[in-house]
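Structure record follows, encoded as structure tokens.
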Amino acid sequence: MKFFAAPLQGYTEASYRHFHAEVYGCRNGAADVYYTPFVRVERNEVRQRDLKDTCSPLNINHSVVPQIIVRDKDEFTILVDTLIRERHKTIDLNMGCPFPPQTGKGRGAALIANTCVLEKIVESMHQYASAGIEFSAKMRLGVDSSDEWQQSIDVMNRMPLTHLTVHPRVARQQYSGELDFKALDRLIERTAHKIVFNGDIKTTDDINRIAGRFPSITTIMTGRGLLARPSLIAEWRNGSIWDHKERLDHILALHTGIINHYETTLCGESQILSKLKPFWEYLEDEIGRKTWKAIRKAASLSRYTAAISSLY
């Protein structure tokens, strides 16, 4: 089984990816590939803070693939050309973002049903692929209906993809509600691509459940599950569940690397805190609600440090 670390805006930036690979890699717990939060076009230009993350020197210790989100061929071309100039040779296309600010503009999951746009993107993909660029894609089943993917599966099958990551929900569900395994079965039957599974991977049992349910799937992508349990990959690969102390020790080592990085690269407590607080968002079960709430309320670095002091 291979593992991909899913991109989450505001959480899986270069510092998190770097120190996760550093802290957990020695226990065989680094992801095989880390995907960047999506790179997008704003005012006909690539958003610079997105590009900065994909080109960070912190990416040196892990395999990183930039993800792009587009509404048409023009945005696709702008983003791919820019990433090629930055020496990226593998690019992931986001067709899964469920958030209305993106789907409402035809991006993310909304792209699935837009076969006219996808046809043009396929043409561009093949041109880039002939020059050595590799593509993958990440998708939902649709925006409102789990059958929407059927409108464009023939077009997607013509995409030159190394794999297709599928989160078997529709965008309207966001990240709750039942996963539609039956729709995924139908998609697997019709796709020409290798499928990577994404969705509700929180424990080693979840990984085993998907491996048993879908024998053809040999790669798992996890996002929120990895943020909530950063040792998840290591625990599965080593075949042992870590006790709370071991998990917490590694979480604190991960946090130390991140806070040291931001304290030396950012100016002002508010900037540093804005980068540090998201680290704990999914870790309430590991640190306890009292500490978790104290971190959220901390308005200064001194209060922030005091809030996490009990964890040591």
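Note that the structure is a prediction, hence the values are computed from the model and not measured. Quick note: numbers below take in every heavy atom, side chains included, and nothing from hydrogens, waters or symmetry partners. Numbers here are sequence positions counted from 1.
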- Message: With clusters defined by side-chain heavy atoms of hydrophobic residues (ILVMFWY) lying less than 4.5 Å apart, directly or transitively, does Tyr11 cluster with Leu58?
- Response: no
- Item | Step-by-step side chain to side chain donor-acceptor pair (under 3.5 Å) determination, Asp206 to Thr203 | CA-CA 5 Å; Asp206 292 333; Thr203 68; 3.3 Å; yes
- Quick one: does Arg140's side chain have a donor or acceptor within less than 3.5 Å of a partner on Gln174's backbone? yes
- At their closest point, which heavy atom of Arg229 faces which heavy atom of Ile241, and how far apart are they? NH2-CG2, 3.5 Å
- Message: Run Ser15 and Tyr262 through side chain to side chain donor-acceptor pair (under 3.5 Å) and show every step you take.
- Response: CA-CA 8 Å; Ser15 58; Tyr262 284 131; 2.7 Å; yes
- Where do Asn59 and His18 land on the side-chain contact (heavy atoms from CB on, under 4.5 Å) test, with the steps shown first? CA-CA 6 Å; Asn59 293 333; His18 176 91; over 6 Å; no
- Item | Nearest-0.5 Å distance, CG of residue Leu118 to CG of residue Asp72 | 11.5 Å
- Do Asp200 and Arg224 meet the salt-bridge criterion of a basic N to acidic O distance under 4.0 Å? no
- Query: When you measure from the side chain of Arg40 to the backbone N and O of Ile69, does any donor-acceptor pair fall under 3.5 Å?
  - Reply: no
- Item | Step-by-step side-chain contact (heavy atoms from CB on, under 4.5 Å) determination, Gln151 to Ile112 | CA-CA 8 Å; Gln151 301 175 40; Ile112 296 168; over 6 Å; no
- Task: Return the minimal non-hydrogen interatomic distance between Leu311 and Leu248, and the atom names on each side.
- Result: O-CD2, 3.7 Å
- Task: Say whether, by atom type as modelled, one donor and one acceptor occur between the side chain of Asn157 and the main chain of Ala192 under 3.5 angstrom.
- Result: yes
- Message: For a side-chain contact (heavy atoms from CB on, under 4.5 Å) check, start with the C-alpha distance between Phe197 and Met221, then their side-chain angles and the critical distance, and finish with the verdict.
- Response: CA-CA 6 Å; Phe197 182 88; Met221 176 179 279; over 6 Å; no
- Item | Over 12 foreign heavy atoms within 6.0 Å of CG, Asp243 | yes
- Message: If you count every heavy atom of other residues, nucleotides or ligands that lies below 6.0 Å from Lys202 atom NZ, does the total exceed 12?
- Response: no
- Message: Please give me the minimum heavy-atom distance between Leu141 and Ala183, naming the atom from each residue.
- Response: CD1-CB, 3.7 Å
- Query: Is there a path of hydrophobic side-chain contacts, each under 4.5 Å between heavy atoms of I, L, V, M, F, W or Y residues, that connects Leu161 with Ile84?
  - Reply: yes
- Is it true that Tyr24 and Phe19 have ring centroids separated by less than 6.0 Å? no
- Message: Return the CD1 to OG1 distance between Ile195 and Thr219, rounded to the nearest 0.5 Å.
- Response: 10.5 Å
- Does the gap between the ring centers of His62 and Phe4 come in under 6.0 Å? no
- Test salt bridge (Lys or Arg N to Asp or Glu O under 4.0 Å) on Glu178 and Arg169 and set out the steps. CA-CA 7 Å; Glu178 292 295 320; Arg169 284 191 175 101; over 6 Å; no
- Task: Please answer whether the main-chain N or O of Gln150 pairs with a side-chain N or O of Arg186 as donor and acceptor at a distance below 3.5 Å.
- Result: no
- Query: Nearest heavy-atom pair of Ala171 and Ala109: which atoms, and what distance?
  - Reply: CB-CB, 3.8 Å
- Query: Is atom CD of Glu42 surrounded by more than 12 heavy atoms (other residues, nucleotides or ligands) closer than 6.0 Å?
  - Reply: yes
- Message: Heavy-atom count check: over 12 atoms from other residues, nucleotides or ligands less than 6.0 Å from Lys73 NZ?
- Response: yes
- Item | Ring-face cation contact, Phe99 with Arg172, 6.0 Å cut, 45° max | no
- Message: Please confirm whether the ring centroid of Tyr34 lies under 6.0 Å from the ring centroid of Tyr16.
- Response: no
- Message: With a 3.5 Å distance limit and no angle check, can you tell me whether His20 reaches the backbone of Pro230 through a side-chain donor-acceptor pair?
- Response: yes
- Message: Using salt bridge (Lys or Arg N to Asp or Glu O under 4.0 Å), reason through Glu119 and Arg158 one step at a time and then give a plain yes or no.
- Response: CA-CA 9 Å; Glu119 288 277 9; Arg158 296 201 300 274; 2.5 Å; yes
- Query: What heavy-atom pair brings Pro37 and Leu8 nearest, and what distance separates the two atoms?
  - Reply: CG-O, 3.7 Å
- Gln173 side chain vs Val170 backbone, donor-acceptor pair below 3.5 Å: yes
- Item | N/O donor-acceptor pair under 3.5 Å between Glu148 side chain and Asp144 backbone | yes
- For the residue pair Thr12 and Leu227, establish whether any side-chain heavy-atom pair is separated by less than 4.5 Å. yes
- Message: Between Asn198 and Val166 (side chain of the first, backbone of the second, donor and acceptor by atom type, cut-off under 3.5 Å), is there such a pair?
- Response: no
- Are Arg190 and Asp147 close enough, and set up right, to give a salt bridge (Lys or Arg N to Asp or Glu O under 4.0 Å), and what steps lead you there? CA-CA 13 Å; Arg190 293 191 59 188; Asp147 291 327; over 6 Å; no
- Just how far is it from atom CD of Gln271 to atom CG of Leu276, taken to the nearest 0.5 Å? 11.5 Å
- Task: Sequence neighbours left out, what pairs pass salt bridge (charged side-chain N to carboxylate O under 4.0 Å, His left out) with at least one residue falling in residues 265-287?
- Result: Glu13-Lys275, Arg247-Glu286, Glu281-Arg296, Glu284-Arg289
- Single-linkage hydrophobic cluster Val65~Phe135, side-chain heavy atoms < 4.5 angstrom: no
- Message: Within this structure, what is the CZ-CG distance for the pair Arg47 and Leu51, rounded to the nearest 0.5 Å?
- Response: 11.5 Å
- Can Tyr282 and Trp292 be counted as having a side-chain donor-acceptor contact under 3.5 angstrom? no
- Message: Checking the side chain of Ser56 only, and the main-chain atoms of Asp53 only, is there a donor and an acceptor separated by less than 3.5 Å?
- Response: no
- Task: Is it possible for you to say whether Trp242 and Tyr312 belong to one hydrophobic cluster, with membership spreading through side-chain heavy-atom contacts below 4.5 Å?
- Result: yes
- List the atom of Asn61, the atom of Ala21, and the distance in Å for their closest heavy-atom pair. ND2-CB, 3.8 Å
- Task: Show your reasoning for whether side-chain contact (heavy atoms from CB on, under 4.5 Å) applies to Met139 and Leu164.
- Result: CA-CA 7 Å; Met139 64 173 285; Leu164 179 63; 3.6 Å; yes
- Calculate, to the nearest 0.5 Å, the distance between atoms OG and NE2 belonging to Ser136 and His163 respectively. 3.5 Å
- Message: What's the separation between atom OG1 in Thr54 and atom CZ in Arg49, rounded to the nearest 0.5 Å?
- Response: 13.5 Å
- Does Asp32 reach the main-chain N or O of Phe3 with its side chain, forming a donor-acceptor pair under 3.5 Å? yes
- Item | Worked check of side chain to side chain donor-acceptor pair (under 3.5 Å) between Ser300 and Arg303 | CA-CA 5 Å; Ser300 66; Arg303 288 186 177 274; 4.6 Å; no
- Aromatic ring pairing Phe181/Phe214, orientation class (parallel under 30°, perpendicular over 60°, tilted between): perpendicular
- Can you get from Met125 to Trp149 by hopping between Ile, Leu, Val, Met, Phe, Trp and Tyr side chains that sit under 4.5 Å apart? yes
- Task: Using a 4.5 Å cut-off on heavy atoms from C-beta on, say whether the side chain of His250 contacts that of Val23.
- Result: yes
- Query: How far apart are the C-alpha atoms of Ser146 and Asp180, what are their side-chain angles, what is the distance that settles it, and do they pass the side chain to side chain donor-acceptor pair (under 3.5 Å) test?
  - Reply: CA-CA 8 Å; Ser146 60; Asp180 194 336; 3.1 Å; yes
